[in-house]
Amino acid sequence: MEIRLTVNDEQKIWQAAPGENLRDLLRREGYLSVKYGCDSGTCGVCTVLFDGRAAHSCTILAAQADGHKVTTVEGLDDQGRLDALQEAFMETGAVQCGYCTPGMLLAAKSLLAENQTPDDDEIKDALNTVLCRCTGYVKQEKAVKLFITRTKGA
Amino acid sequence: MAYNNIEEMLRMAEHPEGLTNDDFRVVGKRVKKVDAAKMARGKPIYTDDFSLPGMLFAKLLTSPYAHARIKRIDTSKAAALPGVHAVLTYKDLPRIPFVSAGQSHPSPSPNDRVSLDNKVRFVGDRVAVVAAETPEIAAEAARLIEVEYEKLPAVFDMEKAMAPGAPVIHDELDVDGILDAQRNLVCHIEAEAGDVDGQFASADLVVEGKFREPFQHHVAMEPHVVIGYWDNDDRLVIRSSTQVPFHVRRVVGWATGLPEKRIKVIKPRLGGGFGGKQDIVLDDLVAHLVIKTNRPVRMRLDRDEEFRSTRSRHAYIIQMKIGFKKDGTITAASLYALSSTGAYGAHGLTVLSNVGAKTLGLLRTKNMRFSGDVVYTNHPVAGAFRGYGATQGYFPLGTLIDEAAEKLGLDVLDVYRRNWVRQGDIFALAKPLGEGREGYENPVESVALEQCTDTGADIIGWGKRLDSAWHLVPGKPWLRRGMGAAIVAHGSAIPGLDMGGAYMKINDDGSFNLLYGGSDLGTGADTVMAQIAAEILGCAVDNIIVFSADTDFTPFDKGAYASSTTFISGGAVQKTAMKVALQVKEVAAEMLEVPAETLHLENGRAMAPDGRSVTLKEVAMRSLHMVDQHQIMATASHMSYRCPQPFAAQFAQVLVDTETGQVRVEKFVTVADIGQVINLTTAEGQVEGAVAQGLGYALAEGMEFSRGGHLTNPHVNQYRIFTSLDMPELTTVFVPTVEPSGPLGAKSVAELPIDGVAPAVANAIADAVGVRLRALPMTPERVLQAIQAKGRQ
């Protein structure tokens with residue numbers, strides 16, 4: 001079926017295959033930051049912002065995205081310039097293999113959109129939706145805190 | 001590092017005893033990962049972020065039975081499905097036994113598999129493979145393959161696998177390298193030194209126990225994926241999520257009959273490996289499909305296939321016995337390890353060898369016995385997993401030493417102090433436990449266990465254990481707090497075997513290309529290599545352009561395993577950079593009209609003693625374009641007969657719920673001696689990640705099976721790895737040492753810090769509630785049962 005959605009602020013008219021989920025559609029359309037990790041809606045490496053809130057795109061049918069707004073990590077990139085959260089991830093060492101990084105970034109973005117001053121538990125809770133096997137989550141938490149400190153100072 | 005002359009540089013780099021962190025510009029610092037930006041931007045850098053016109057999608061049909069012979073297999077319906085280009089079964093391929101373990105030649109693991117067989121040996125074993133125009137068609141075709149099985153009796157209990165009458169898992173005639181296939185016995189090791197039995201007889205205290213450890217899965221977030229295609233020269237290109245591109249090339253050549261010169265393996269960025277990608281899991285099948293269809297073929301496992309059909313940590317049953325004097329001195333230690341390697345013997349022998357070498361290698365005692373057997377069972381295949389036997393061995397060692405300390409009324413840290421290796425010590429079983437060959441004696445040349453232990457004890461507040469009130473939580477009488485420690489040693493590469501090569505050249509602008517064959521799986525290895533090169537060449541890290549790995553372009557490297565990349569590949573990069581530095585200085589010497597040996601490289605310049613200098617760009621432009629034109633370039637490889645041990649003291653603080661058995665780890669401290677730290681941030685990342693995996697192994701992770709051998713937790717919502725909410729407060733500290741055999745003084749870090757996690761947590765549980773668990777994972781059920789059993793005593 002034909003669906004109309006906004007991806008990273010661009011209008012798209014795409015054909016969704018029957019039963020296709022949003023993750024697979026986005027990958028098929030070249031949004032390759034959205035990763036495959038599991039089929040149980042658990043691992044979160046396919047996280048996107050769905051109408052501004054972090055969601056596992058494998059649990060959303062492509063057809064359900066009709067009329068909605070989707071943001072992927074490709075959409076954070078401002079003409080090749082990294083945004084401050086991406087910078088904070090790089091600086092703190094939150095990026096190891098990088099496979100969960102897009103999901104982690106968007107989980108953090110979603111939290112920060114709702115709550116500019118999250119405490120440690122709120123940060124842990126938000127990152128809890130994405131699994132990482134390389135780190136101990138220490139540096140992602142540190143990255144979010146560094147971002148908050150910097151944006152407060154700005 | 002500012003050198004006064006070349007001789008000094010060479011002398012310091014080869015004999016780095018006198019170096020400290022202050023001698024370095026970029027080494028030892030928090031340098032940003034050279035590949036971080038593309039990852040943070042979600043660039044398409046992984047194997048599966050790539051496609052080719054006409055690419056087919058492969059799907060595996062796997063066995064529903066743990067042990068069966070294929071009586072009849074009919075692929076006609078599958079092959080007739082529109083869009084299907086190939087359906088391969090054992091009938092379509094030559095029978096070439098090979099080994100899936102990515103290890104150097106000759107393989108210490110048996111040649112006990114063929115690409116497709118007429119027999120299946122575990123639920124999830126390969127039956128057939130399909131290539132079709134879409135993943136959906138491929139999956140449908142796999143469903144249409146009709147298979148009639150003759151079910152065979154299966155064996156799952158590793159203690160019964162060797163018994164007379166047990167089903168023979170490898171009854172085929174063309175296997176090679178199995179010690180006794182009729183008994184399902186892959187290999188057997190025995191090694192002994194000193195007078196073990198005599199010392200046990202005269203010991204003041206002997207502690208012993210039998211420990212059970214499950215198959216642990218790697219759960220790399222990126223599953224196994226391979227894309228294969230013919231290039232324009234009719235060479236087979238394999239783009240693979242692998243830790244071992246050069247072993248993949250050799251094994252795929254062997255398994256397909258293609259000469260190696262017609263195979264090229266590309267390792268893109270990896271989404272984690274942890275040992276799980278040290279095997280040839282899909283590569284041979286993709287190669288067969290490309291040969292059959294003449295089309296590009298992509299094969300990616302789904303998560304449940306990843307759990308069932310790839311690799312895991314070997315399951316073990318370990319019986320250990322340690323004799324002590326009253327003062328805590330260990331007089332003898334013996335360890336018998338029985339391992340299930342699952343249905344195929346990948347890494348069986350070498351992991352077993354490591355259980356002995358890495359675990360007993362912590363101890364000074366000269367009276368040691370190690371023996372072990374690796375058996376086949378009808379379980380999924382085990383392989384390499386971070387820790388590689390040491391993780392299995394330290395759980396028994398660490399818990400028994402703790403138990404002995406308690407019985408002797410000593411502080412366990414003091415017991416370790418009496419028994420750990422010291423400078424100059426040689427491991428009593430070094431020669432017999434050489435990973436399938438005679439090993440090398442390695443006197444300890446750098447060790448800071450005393451400082452690691454003292455620092456860790458300070459951070460965790462070790463003295464609080466003696467305060468009974470500290471163990472309680474006011475208002476919550478069902479909770480008990482406890483603290484435990486474990487001291488561990490690992491190794492750095494396989495001595496006398498592991499080798500890596502590197503190549504560097506200068507570019508017009510004074511930047512350098514660095515090509516090496518190693519495999520950064522997310523660890524930061526590429527960054528570590530860039531730092532080593534930049535340090536020696538006196539330039540910025542971002543002037544080193546790192547590339548790895550492509551078997552056509554990069555020199556051989558055995559791959560990313562055995563905690564070898566910093567130590568071995570880093571050694572190759574160090575040598576290469578030193579050769580390039582000499583050539584840079586020769587050109588600069590002509591330009592500055594001073595002897596080359598008076599120059600030193602700093603801030604992108606070659607500096608003369610009188611303060612004059614030329615830039616690396618000027619050196620490059622002159623040598624490439626202007627005078628005596630030549631390419632400044634060098635290549636070097638590195639191998640070491642040394643295998644320096646990194647060391648760590650690890651401490652856990654836990655809170656045990658005595659009503660539910662739930663263990664909450666509150667704090668975990670690791671203080672490690674890894675030689676010269678090359679990159680502080682990525683080294684910490686290795687420790688934090690290893691501790692997270694170790695906590696999973698200690699408390700939550702284990703592959704579980706039905707009676708028929710079906711994996712019952714093949715999803716990440718069933719097989720639970722630690723999330724951000726599960727993690728304790730982590731503290732990671734490095735105590736600086738300088739390892740004379742390591743590049744710029746470095747040892748390894750990646751595997752070491754998983755080794756002490758389970759024993760530290762088990763000892764903390766013992767401190768909290770007085771029970772000692774002998775099986776992993778220490779689930780709430782097991783902890784509660786142990787608490788209840790103690791209550792009944």
Side-chain angles (χ1 to χ4, degrees), chain A residues 17 19 24 27 30-45 72-77 80 82-83 85-105 121 123-141, chain B residues 30 32-33 35-46 48-50 136 218-223 225 269-274 300 302-304 520-524 668 679 681-682 684-693 695 715-718 721-727 729-730 732:
Chain A
D24 292 350
R27 283 192 65 80
Y31 295 84
L32 295 169
S33 71
V34 184
K35 297 299 181 206
Y36 172 86
C38 75
D39 298 290
S40 52
T42 311
C43 79
V45 298
T72 71
V73 162
E74 285 90 346
L76 302 185
D77 214 306
L82 295 152
D83 85 358
L85 186 64
Q86 289 169 310
E87 287 284 359
F89 264 61
M90 288 167 57
E91 259 180 69
T92 52
V95 181
Q96 280 199 25
C97 83
Y99 200 80
C100 76
T101 302
M104 283 280 179
L105 282 165
D121 288 341
I123 295 171
K124 276 180 194 286
D125 197 42
L127 299 183
N128 186 50
T129 59
V130 183
L131 294 178
C132 170
R133 192 59 156 169
C134 291
T135 72
Y137 304 96
V138 175
K139 299 202 186 310
Q140 287 94 335
E141 289 162 29
Chain B
R30 292 190 181 279
K32 215 185 278 181
K33 256 163 62 98
D35 45 7
K38 60 190 170 200
M39 292 171 178
R41 293 165 72 185
K43 292 286 181 187
I45 54 177
Y46 304 92
D48 202 30
D49 300 341
F50 173 87
E136 293 75 22
H218 306 82
V219 201
M221 296 322 297
E222 177 203 35
V225 50
R269 305 315 302 174
L270 251 66
F274 319 111
R300 189 214 72 206
D302 291 342
R303 181 58 65 186
D304 60 326
D520 186 331
L521 19 154
T523 52
F668 199 93
N679 186 318
T681 302
T682 59
E684 282 173 359
Q686 285 302 299
V687 174
E688 291 161 4
V691 169
Q693 284 179 345
L695 289 169
H715 292 284
V716 277
N717 58 353
Q718 298 164 330
I721 67 170
F722 267 49
T723 73
S724 57
L725 284 176
D726 302 318
M727 287 302 294
E729 180 189 326
L730 295 189
T732 302

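In what follows, chains carry the letters A, B, and so on, assigned in the order in which the sequence lines appear, proteins first and then strands, with residues in each chain numbered from 1. These numbers come from a predicted model, not from an experiment.
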Of the listed residues (B/R303, B/M727, B/Q686), which shares the most heavy-atom pairs with chain A below a 4.5 Å separation?
-> B/R303
Hey, what do you get for CG (A/L32) to CG (B/D48), rounding to the nearest 0.5 Å?
-> 8.5 Å
Expected list for residues 88-100 of chain A: side-chain donor-acceptor pairs under 3.5 angstrom, two or more places apart:
from: A/E91; atom 1: OE1; to: A/R150; atom 2: NH2; distance (Å): 2.7
from: A/E91; atom 1: OE2; to: A/R150; atom 2: NH1; distance (Å): 3.2
from: A/E91; atom 1: OE2; to: A/R150; atom 2: NH2; distance (Å): 3.2
from: A/T92; atom 1: OG1; to: A/A88; atom 2: O; distance (Å): 2.8
from: A/T92; atom 1: OG1; to: A/F89; atom 2: O; distance (Å): 3.3
from: A/T92; atom 1: OG1; to: A/K139; atom 2: O; distance (Å): 3.4
from: A/Q96; atom 1: NE2; to: B/G685; atom 2: O; distance (Å): 3.1
from: A/Y99; atom 1: OH; to: A/Y36; atom 2: O; distance (Å): 2.7

pair B/I721-A/R133: side-chain heavy atoms closer than 4.5 Å = yes
With sequence neighbours excluded, what pairs up with A/K124 under the side chain to side chain donor-acceptor pair (under 3.5 Å) test?
-> A/E141
Name the region of A/T135, side chain, backbone, both or neither, that has any atom closer than 4.5 Å to a heavy atom of chain B.
-> backbone
Begin with the C-alpha distance, continue with both residues' side-chain angles, and end with the deciding distance and a verdict on salt bridge (Lys or Arg N to Asp or Glu O under 4.0 Å) for A/E87 and B/K32.
-> CA-CA 10 Å; A/E87 287 284 359; B/K32 215 185 278 181; 3.7 Å; yes
Side chain from CB out, backbone as N, CA, C, O: work out which of these in B/V691 comes under 4.5 Å of a heavy atom of chain A, or both, or neither.
-> neither
Non-hydrogen atoms of chain B under 4.5 Å away: do they reach the side chain of A/L82, the backbone, both or neither?
-> side chain
Proximity breakdown for A/L131 and chain B, heavy-atom pairs closer than 4.5 Å = both
Considering only heavy atoms, which portion of B/T681 lies under 4.5 Å from any heavy atom of chain A: side chain, backbone, both, or neither?
-> both
N-O pairing of B/D49 and A/K35 below 4.0 Å | yes
